[in-house]
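Residue numbers run from 1 in the order of the sequence given.
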Amino acid sequence: METGGNSGAFQRQDYTHHRRYWLPGKMCQFHSWYQCKVLVEKILRVQPEVRKLYLLVRAPDAIAAEERVLTEVVGNGLFDVLREQYGAGFHSFIKEKIYALPGDVTHENFGLESYDILQLSQKVDIIVNGAATTNFMERYDVALATNTTGVVHLCQFAKQCDNLKMVLHVSTAYVAGEQAGQIFEKPFQMGTALRLDYQLDIEAELQLVDKIKSELGINSDSKLEKITMRKLGLERTIDVIFVAYNDQTLPCFIFDGSVIFDLIPGDMVINAMMAAINSQWNKQAQVIYHVTSSHQNPLPLSLIEESLYKYFHKNPRTSKDGKTIQNEKILTFNRLVYFQAYMILRYKVPLEMMRAANVLLGGIYTKNYYELNRGYNILMTVAKLYAPYVFFKGCAVLVEKILRVQPEVRKLYLLVRAPDATAAEERVLAEVVGKGLFDVLRKQHSAAFYSFIKKKICPLAGDVMHENFGLGSSEILRLSQEVDIIVNGAATTNFMERYDVALATNTEGVVHLCHFAKQCDNLKMLLHVSTAYVAGEQAGLLLEKPFQICEALRQGYTLDVEAEVQLVDRIKSKLRIKSSIDNKLEKTTMKKLGLKRNIIT
């Protein structure tokens, strides 16, 4: 940045030279490109003496880079104050102050020529880095390249800058993961992961990506590779929801309205960045600033939804054809089963009808079918990211209660559906311990909270549907010697569930649990928890008596579990002969069978 004297937002008595900014930006992400726009406008408005702002833009060449900046940054209404101030001289002012460079942080030297790098290294005195992807639906290889390798390339460039006075690196509030309570303003050490006692080896992560791609044996444009990489990097996000709400393409959603989100207005972030630049200019120190709101001014999801509705009610959107988009509140569910039932009625039933009609009418609904199906799949995928608290809710309440009132408990073994021990622990930390429900314990144990949790909770990667829960014999032996209480709440209450899955979980799962219980030398109790629906639709006085084996809810009927399992196997076998294992057909058939058997039994 270049100043002509001691005035402006960066006023300093010892200010004797001009500043030049280097701003790597990534298009179309709030954390980087939007943030970059706001920062550029603010600097040019309050410190117009800045000599030059270099913007790194993803573009094939210099002309395309400049065009993107003029269209997607300067062309924005955000610059109206400057546009009015400079009048006819606005574009010449912008051309003098902003220099667009076509490049990418994921490449060494940002993909720039050595001459350009040399010139920049001699001119730049401030680097502001906000080039990151906060799209948590991003492919893992892309996210890894941008958020880690990109920072390495930036640091390598910074070391070449002769006149560098500061590197300002901006991360989102989620840099602290799902930690709760007081989080200190201290730097991460190389290799430090968010999870306690874990290390993050970037080289190992890069090798993992390469290995998976190699195993897929396909080119980089392959649909399978894109899907695989996206699944590998899938985490919670919120920007998808805002976009969908803005477009009124979000008819319903599932969330816990009490969940707190750390969302900061963009102008506050920019002001904090500029204050940090001013206070730390040319100082040989590493300083961390947290700009968050959840403690002093918490923002629950329910307030976000209400605010979105009020905002768009006052500021109606218009479609591409100029029509006003009607603002409607979204239908929200706090239970996954209700959400799933609605989605079936709202999407799946019409989709099946449309598919049948499409075949009869020669494919005239093909485009409509794929658009509706795509909307359904996207909404279900995002919903799954928000919904896991539903699966663990009962478990979380029990675990928290035990640890709070009976802290001398030796160990709680939690059986979790996960591919391995690491993933099981991640699910427990995120979906059980990471919730506000544990705030009392978090406050009580303070800095020792996670070590207390690690000592008391042991997640096991397994599934009640499998014999011995899918665990190894040595693990089963150890558990059988240590466990003295078994609490079973593993069941599906999704009445639209596939019958084979429901049968395996709710009946065979209990059989496997009983087999394990018989092996436990020191077992004092087995507590089995069912829902209120275990009595079906019976009314009146319901006696607290056990069901007998094979007893069905409907009078005069018996439930032969072995016969039900054989029925499922027989239907699947017939389907495979007819359709060469059509998974979609099998899924539909199993769901229909589930509805039918629920009525009978």
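The two residues Ile476 and Gln519 make their nearest non-hydrogen contact at CG2-OE1, 3.6 Å. Shown here for Ala461 and Ala421, the closest heavy-atom pair between the two residues is CB-N, 3.9 Å. Of all heavy-atom pairs spanning Ile457 and Leu414, the tightest one is CG2-CD1, 3.9 Å. Of all heavy-atom pairs between Ala423 and Pro419, the closest is CB-CD, 3.7 Å. Here the closest heavy-atom approach between residue His512 and residue His466 is recorded as ND1-O, 3.3 Å.
A distance of 15.0 Å separates CZ of Arg417 from CG of Leu460, quoted to the nearest 0.5 Å. Here CG of Asp484 is found 11.5 Å from CG of Asp521. Values are rounded to the nearest 0.5 Å. Atoms CD1 and CG, from Ile486 and Leu513 in turn, are 5.0 Å apart once rounded to the nearest 0.5 Å. Between atom CG of residue Asn488 and atom CG of residue Leu526 there is a gap of 7.0 Å, rounded to the nearest 0.5 Å. For the atom pair SG (Cys520) and CG (Leu479), the distance works out to 7.5 Å, reported to the nearest 0.5 Å. Note that OG of Ser473 and CZ of Arg478 are 12.0 Å apart. Values are rounded to the nearest 0.5 Å.
Residues that satisfy the side chain to side chain contact (heavy atoms under 4.5 Å, CB included) test with Val440, not counting sequence neighbours, are Arg404. Applying the salt bridge (charged side-chain N to carboxylate O under 4.0 Å, His left out) criterion to Glu467, with sequence neighbours excluded, gives no partner residue. Partners of Glu408 under the side chain to side chain donor-acceptor pair (under 3.5 Å) rule, at least two apart in sequence or in another chain, are Gln406. For Phe469, the ring pair (Phe, Tyr, Trp, His ring centres under 6.0 Å) partners at least two apart in sequence or on another chain are Phe516. By the side chain to side chain contact (heavy atoms under 4.5 Å, CB included) test, Val287 pairs with Gln280, Ala285, Tyr289, sequence neighbours left out. Qualifying side chain to side chain donor-acceptor pair (under 3.5 Å) partners for Asn468, counting only residues two or more places apart in sequence or in other chains: none. Shown here are the side chain to side chain donor-acceptor pair (under 3.5 Å) partners of Glu482, two or more places apart in sequence or in another chain: Tyr413. With sequence neighbours left out, Lys310 forms a salt bridge (charged side-chain N to carboxylate O under 4.0 Å, His left out) with Glu306. With sequence neighbours excluded, no residue forms a ring pair (Phe, Tyr, Trp, His ring centres under 6.0 Å) with Phe449. Leu477 meets the side chain to side chain contact (heavy atoms under 4.5 Å, CB included) test with Ser480, Gln481; sequence neighbours excluded. Shown here are the side chain to side chain contact (heavy atoms under 4.5 Å, CB included) partners of Gln444, two or more places apart in sequence or in another chain: Leu441.
Salt bridge status for Arg442 with Asp439: present, with a side-chain N to carboxylate O gap under 4.0 Å. Using a 4.0 Å cut-off between charged nitrogen and carboxylate oxygen, Lys329 and Glu305 do not count as a salt-bridge pair.
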(request) Might you work through the side-chain contact (heavy atoms from CB on, under 4.5 Å) test for Thr422 and Glu426, ending with a clear yes or no? (result) CA-CA 6 Å; Thr422 302; Glu426 282 178 358; 4.0 Å; yes
(request) Take Leu403 and Leu412 through the side-chain contact (heavy atoms from CB on, under 4.5 Å) test and state the conclusion after the steps. (result) CA-CA 9 Å; Leu403 293 179; Leu412 299 176; 3.9 Å; yes
(message) Assess the residue pair Ser573 and Asp569 against the criterion (side-chain contact (heavy atoms from CB on, under 4.5 Å)); give the C-alpha distance rounded to whole Å, side-chain angles, the decisive distance to 0.1 Å, and a yes or no.
(response) CA-CA 6 Å; Ser573 179; Asp569 290 341; over 6 Å; no
(request) Output, in order, the C-alpha distance, side-chain angles, deciding distance and verdict of side-chain contact (heavy atoms from CB on, under 4.5 Å) for Thr589 and Ile571. (result) CA-CA 9 Å; Thr589 306; Ile571 292 173; 3.8 Å; yes
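Between Asn522 and Val483, every side-chain heavy-atom pair lies at or beyond the 4.5 Å cut-off. Using a 4.5 Å cut-off on side-chain heavy atoms (C-beta onward), Ile304 and Pro300 make no contact. Taking 4.5 Å as the limit, every side-chain heavy atom of Val568 sits out of range of all side-chain heavy atoms of Glu564. Considering only heavy atoms from C-beta on, Val349 comes within 4.5 Å of Ile344 through its side chain.
The closest donor-acceptor contact from the side chain of Lys411 to the backbone of Lys455 lies under 3.5 Å. Listed for the Lys456 side chain is a donor-acceptor partner under 3.5 Å among the backbone atoms of Pro407. Side-chain N or O atoms of Ser279 include one that pairs as donor or acceptor with a backbone N or O of Ala275 at under 3.5 Å.
Shown here is Glu185, whose CD atom has more than 12 heavy atoms of other residues, nucleotides or ligands within 6.0 Å. Within 6.0 Å of the NZ atom in Lys524, the count of heavy atoms belonging to other residues, nucleotides or ligands exceeds 12.
Here ring-ring contact (aromatic ring centres under 6.0 Å, His included) pairs that include residues 423-448, with residues two or more places apart or in two chains, are His445-Phe452.
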